[in-house]
J.: 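The structure follows.
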Protein chains: 2
Amino acid sequence: MNSREAKTQRGGTELGTQTGRALLSVREMLFRGDFQPGERISELPMVARLGVSRTPIRLALDRLAHEGLLEVSPSGGFVVRSFTLADIWDAIEMRGVLEGTGARLAAERLGHDRELTELRQCFEEMNAYLGPVSSIDSFARYLDLNDAFHAAVIRLAKSPMLQRSLDQVLTLPFAQPSAVVFARAKLPEAAEMFAIGQEHHRVILDAIEHRQGARAEAAAREHSGLSRRILKTVLDDREILSCVPGASLIRMPAVV
Amino acid sequence: MNSREAKTQRGGTELGTQTGRALLSVREMLFRGDFQPGERISELPMVARLGVSRTPIRLALDRLAHEGLLEVSPSGGFVVRSFTLADIWDAIEMRGVLEGTGARLAAERLGHDRELTELRQCFEEMNAYLGPVSSIDSFARYLDLNDAFHAAVIRLAKSPMLQRSLDQVLTLPFAQPSAVVFARAKLPEAAEMFAIGQEHHRVILDAIEHRQGARAEAAAREHSGLSRRILKTVLDDREILSCVPGASLIRMPAVV
DNA sequence: CATCGCATACATGTATACAATCAAATAAAG
DNA sequence: CTTTATTTGATTGTATACATGTATGCGATG
């Protein structure tokens, strides 16, 4: 788990300070479902729970509010935000748009062929994990490779603003590519899903390599559509859903 | 000026508290060019300058860092961020992508025809300002209408994540639609530029009305391309450039 | 019995005091 | 004269104390 968090832009810089620890702790508590949607987050209980003063906690809560996981109460303070299904579809659609744009820009702005090295390595190594259902740590390795592939595409887009926008979208845990991939393993159609996803990766890589911007964009967009389909299936199965981090923040309609 | 600021989402809620005032003050100081790019923003001088304590100032600086106008120094504290020309083109291109997506979604998700009322009002009223070069306050009115038109399109997209992403892009002052429109008035080709921009508005409105998603997206994308062309012209004229808020944050190459 | 008003308790927003870390300047040694 | 080590200064990060505003519970009154 730690290796996956350390890879993100935030993880590295924010450790070593009380504010950073508080931020990571509260975010993890939110994803784990320690609080209910709409619940008020008071600072003093956090002081008792985390062992840090109010000031860093306030900083952390403010940043989480900017990230969209909390919202400011009109009377002051913060409450846990709740997400509707529409929010989730919206986030995934936006991820498709942004990653599609990233793939297109990567194709259009590709300089030396050397830049594709990391992308090719991720793709080849993921191929090895396709055949037999492997152990749990090799599965985690697959998730890392998946994230690395997507991150590499965005890096090739050479667009800081695109990076920022996508980072913001990915703060919603269920919008992350690995979120649905995580649940994919428990589905009956797991093998086919993995194959289709990897085929998308192949097309994206090939399109970028041959500087086919429109094709790369379409493939990346389709790839997010796969996430959408999988999540749709997952939402019907509460046991699988519990594997997705942050699932407790989803306000389900008509809970039986 | 105040009316334009009050319209944004931030302006309303953040007034009435010291943190909000500090945030608005520092942001305005940054846009006005009170600090040079790369300059360190210390807290104590801010205390003396704004008359508020360190805590709200720290909160405000933290939020400005999240907005992208400041960046955290590795040794702690904040420094004024500098923007390259590449950053500006990047931001404008992302604005084109996002507004294009917004226009497409608006066309695809249009419900009752009644939803177009505000868009039509903005468009019609902007037509009135096209002919003779009017006074300075009617020009400000045109800016408001322009912003309102763009905001209305995004609202019709019914996508909170798109709204958030676009808000983040628009934190860069020169990426805002009104920024270049502001400079447009001083250009020799002003009249033609206004006409072309308004023609774009017409196509966007017409495409949304007839639920032509691809056409709406293309028109909106082209509209941001117009911003890009205008800004390219403006960048050659330092006198006009000084009218654009936040221009001092741009790191110009090869300053003669 | 319901409703309005008041008081109390609590939570947030702000200010300030303290500590640790980083930077620069100065002095000493090679 | 240069380089390095040490000291000093300042600035950030953190903790806590204070004040203001809000919500809740109790009592009084219609």
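Labels below follow one simple rule: chain letters A, B, ... track the order of the sequence lines, proteins then strands, and each chain is numbered from 1.
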J.: Starting at atom CZ of R40(A), determine the distance to atom P of dC10(C), rounded to an integer number of angstrom.
T.: 14 Å

J.: Side chain of L44(A) only, heavy atoms from C-beta on: which candidate in dT12(C), dA15(C), dA15(D) is closest?
T.: dT12(C)

J.: If you check every side-chain atom of T17(B), which of dT14(C), dT12(C), dA15(D) has the closest atom?
T.: dT14(C)

J.: Compare all side-chain heavy atoms of R164(B) with those of Q168(A) and state whether any distance is below 4.5 angstrom.
T.: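 Heavy-atom side-chain distance check passes, below 4.5 Å.
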
J.: Starting at atom CE of M46(B), determine the distance to atom P of dT12(D), rounded to an integer number of angstrom.
T.: 11 Å

J.: When the distance from CD of Q18(B) to C1' of dT20(D) is rounded to whole Å, what number comes out?
T.: 12 Å

J.: For nucleotides 16-24 of chain C, give me every protein contact, N/O to N/O, under 3.5 Å, one pair per line with atom names.
T.:
| residue | atom | partner | partner atom | Å |
| --- | --- | --- | --- | --- |
| dT16(C) | O4 | T55(B) | OG1 | 3.3 |

J.: Which part of the nucleic acid, if any, lies within reach of I57(A) when heavy atoms closer than 4.0 Å are counted: base, sugar-phosphate only, or nothing?
T.: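 Answer is nothing: I57(A) stays at 4.0 Å or more from every strand.
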
J.: Would you say the side chain of E43(A) lies within less than 4.5 Å of the side chain of L61(A), judging by non-hydrogen atoms?
T.: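 Yes, their side chains come closer than 4.5 Å.
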
J.: Taking the side chain from R109(A) and the backbone from A157(A), do they hold a donor-acceptor pair closer than 3.5 Å?
T.: yes

J.: What integer distance in Å separates E43(B):CD from dT11(D):P?
T.: 10 Å

J.: Taking the side chain as C-beta and beyond, is there a heavy-atom pair between R81(B) and L70(B) under 4.5 Å?
T.: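 They are not in side-chain contact.
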
J.: Which of these, Q176(A), K232(A), R95(A), sits in a side-chain hydrogen bond (donor to acceptor under 3.5 Å, both in side chains) with S227(A)?
T.: R95(A)

J.: Base, sugar-phosphate alone, or nothing: which one does L59(B) contact when heavy atoms must sit under 4.0 Å apart?
T.: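 Since no nucleic acid heavy atom lies under 4.0 Å of L59(B), the category is nothing.
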
J.: Return no unless some side-chain N or O of T19(B) is found under 4.0 Å from OP1 or OP2 of dG13(C).
T.: no

J.: Does R58(A) make a side-chain N or O approach to OP1 or OP2 of dT12(C) shorter than 4.0 Å?
T.: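 Answer no for this pair, as no side-chain N or O of R58(A) is under 4.0 Å from OP1 or OP2.
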
J.: Under 4.0 Å between a side-chain nitrogen and a carboxylate oxygen: does that hold for K158(B) and E115(B)?
T.: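 Looking at E115(B) together with K158(B), the answer is yes, because their closest N to O distance falls below 4.0 Å.
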
